[in-house]
Amino acid sequence: MDKELYIGVDVSKQTLDLAYYDGESIDWKKAHIKVSNNNAGFKKIGSWVAKVSKGFDIVLFCMEYTGLYAQDFRLWLEEKHYIYRMVEPRKMHRFEPDLDDGLRSLDRIKTDELDSFRIAIYCEQNHRKILRNPSKLPPPVYFKLKRLLAERKQTVKQSVLYKQQLHDICAYDTDLSVERKNGQLKTLNDALKGIDNEIDMYIKEDADISKNFSLLTSIPGIGRVVALETIVLTENFMAIDNPRKYACYIGVAPFKKESGTSVRKGSSVSKKGFKQAKADLSIACLVCMQHIPNIRDYWERKRKEKCSGIVFNAIKFKMILRMFAVIKRGTPYVETDNYRNGKNKQPGVN
């Protein structure tokens, strides 16, 4: 059986804290190193790992998702062919290591050093999952699309703000103030067109992303914003490939709340999901309920039997299932009702 060494990494903007755990004992003084989050620090990590991993067959790294701060380090890990796994911060914050009596209480002290030890222990307790499904860095185009999507959302928010001011309170503004706001709105609209053109350009650069984007937008009711957002959140369906996991991630999946005989609450969705993706999907579902016949029929039929919120949430999950189905199948969406009715094409909204 291979002997494994587990290394936890706490990532910040300027530094990296690393701690190792062999699965048996923890050396709190010598098992930790702190380096800068740049190429010079990565070289020190290479020398340190070579020193502490003598006698071990496999070295496993584990760290939390920290956005762009971990990107360069992940590139270095893949260049050196190390196995690593990215973990959701919420999952790590709830993790309480089961240590022997008399050892440090990692759930009461918050430092970067002890966080790296906590991550190393998590790595040891979940090493089979890490070996079975290690993380992999998406292509460079993915990160460009992620930043462009964030810029697009910010630009849309600003343009909505100016539209609201021009609509509601322009009667109380001076003529020059209204002129300035119209100028700002025009600038934002031009910027939005430029962002969309740049997004289209980068989508065409990557064959896999371009294919998945085309597959998603082939579904009636799924437009470019929801399609791109789904690709970004799932890392082009490499990080999340299960529709139920994605539904849980964006806060669509319902959960029960029961305890003993006194607590019997009905199933409800969690408020801890990614709310922006859920809101964008909700808008797409509203369009589907108006323009897609089978979705509209489903809404009108089920609304007589159940609460409208439950039915609306079911429609969201139905759209998620369709998105993951076309990706898994690798072919554009096909409306089966068309074949039942003897038609080849159904009008829809993209």
Side-chain angles (χ1 to χ4, degrees), residues 145 149 152-153 156-157 159-160 192 196 199-200 203 209-234 236-237 240-255 267-271 273-350:
L145 290 174
L149 181 61
R152 189 185 192 281
K153 290 182 179 179
V156 170
K157 286 183 179 179
S159 64
V160 170
L192 189 59
D196 287 337
I199 288 175
D200 292 337
I203 287 176
I209 293 179
S210 178
K211 178 183 177 181
N212 290 342
F213 184 79
S214 299
L215 292 173
L216 292 176
T217 52
S218 70
I219 304 172
I222 299 299
R224 54 184 293 116
V225 174
V226 175
L228 182 60
E229 194 168 44
T230 305
I231 289 174
V232 168
L233 293 179
T234 61
N236 199 22
F237 297 90
I240 302 177
D241 57 359
N242 187 306
R244 296 187 180 276
K245 289 184 179 179
Y246 184 70
C248 180
Y249 181 67
I250 67 173
V252 172
F255 294 94
S267 298
S268 61
V269 296
S270 175
K271 296 182 180 179
F274 194 84
K275 296 182 179 180
Q276 183 61 53
K278 182 179 179 180
D280 293 336
L281 183 61
S282 298
I283 296 174
C285 290
L286 289 173
V287 175
C288 292
M289 290 160 54
Q290 295 178 0
H291 299 281
I292 310 300
N294 58 356
I295 297 295
R296 183 173 62 245
D297 295 342
Y298 178 86
W299 163 257
E300 293 176 352
R301 184 177 70 255
K302 290 295 183 179
R303 189 175 55 175
K304 300 175 182 178
E305 305 171 2
K306 299 180 180 180
C307 173
S308 59
I310 296 177
V311 181
F312 188 49
N313 195 70
I315 294 175
K316 297 177 193 176
F317 185 60
K318 187 184 289 289
M319 300 304 294
I320 292 174
L321 290 175
R322 291 182 178 183
M323 288 192 290
F324 278 79
V326 296
I327 297 299
K328 183 178 180 180
R329 192 172 60 243
T331 56
Y333 177 78
V334 176
E335 184 55 70
T336 56
D337 290 344
N338 295 336
Y339 291 93
R340 296 172 187 170
N341 300 330
K343 300 178 181 179
N344 293 328
K345 186 178 180 181
Q346 171 184 322
V349 179
N350 275 335

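The CG atom of Leu215 sits 9.5 Å away from the OG atom of Ser210 when rounded to the nearest 0.5 Å. A distance of 7.5 Å separates CZ of Phe324 from CG of Asp241, quoted to the nearest 0.5 Å. Note that the CZ atom of Arg303 and the CD1 atom of Ile310 stand 14.5 Å from one another [nearest 0.5 Å]. Within the model, atoms CE of Met319 and OG1 of Thr230 stand 10.0 Å from one another, a figure rounded to the nearest 0.5 Å. Remark: Cys288 SG to Ile315 CD1 distance equals 8.0 Å, nearest 0.5 Å. Interatomic distance, Lys328 NZ to Leu321 CG, rounded to the nearest 0.5 Å: 11.0 Å.
With Lys302 contributing its side chain and Val311 its backbone, the two residues share no donor-acceptor pair below 3.5 Å. Between the side chain of Asn313 and the backbone N or O of Ala253, no donor-acceptor pair lies under 3.5 Å.
Heavy-atom contacts from other residues, nucleotides or ligands closer than 6.0 Å to CZ of Arg329 number more than 12.
Annotation for Val226 and Ala284: closest pair CG2-CB, 4.1 Å, computed over non-hydrogen atoms. Pairing each heavy atom of Ser218 with each of Pro332, the nearest pair is OG-CA, 3.6 Å. Taking every heavy atom of both residues into account, Phe317 and Pro243 meet most closely at CE1-O, 4.2 Å. Nearest approach of Arg224 to Ile199, heavy atoms of both residues: NH2-CG2, 3.9 Å.
At a threshold of 4.5 Å between non-hydrogen side-chain atoms, the residues Ile320 and Leu281 count as touching. Contact check for Leu145 versus Leu149: no side-chain heavy atoms found under the 4.5 Å cut-off. The side-chain heavy atoms of Met323 and Tyr333, taken from C-beta on, include no pair separated by under 4.5 Å. The shortest distance between side-chain heavy atoms of Leu233 and Ile240 does not fall below 4.5 Å. When side chains are defined from C-beta on, Pro293 counts as touching Arg296, because their heavy atoms get closer than 4.5 Å. Ile231 places a side-chain heavy atom less than 4.5 Å from the side chain of Phe237.
Note on ring orientation: taking the six-membered ring where Trp is involved, the planes of Trp299 and Phe312 are perpendicular (angle over 60°, cut-offs 30° and 60°).
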For this session: In sequence, state the C-alpha distance, the side-chain angles, and the governing distance for Ile250 and Glu229, and then conclude on side-chain contact (heavy atoms from CB on, under 4.5 Å).
Result: CA-CA 11 Å; Ile250 67 173; Glu229 194 168 44; over 6 Å; no

Exercise. Which is it for Arg322 and Ile222 under the side-chain contact (heavy atoms from CB on, under 4.5 Å) test, yes or no, and what are the steps along the way?
Worked result: CA-CA 10 Å; Arg322 291 182 178 183; Ile222 299 299; over 6 Å; no

For this session: Would you check, one step at a time, whether the test side-chain contact (heavy atoms from CB on, under 4.5 Å) holds for Arg152 with Val156?
Result: CA-CA 6 Å; Arg152 189 185 192 281; Val156 170; 3.9 Å; yes

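With sequence neighbours excluded, the residues that form a side-chain hydrogen bond (donor to acceptor under 3.5 Å, both in side chains) with Ser282 are Lys316. Partners of Asn212 according to the side-chain hydrogen bond (donor to acceptor under 3.5 Å, both in side chains) rule, which considers only residues two or more places apart in sequence or in another chain, are Asn236.
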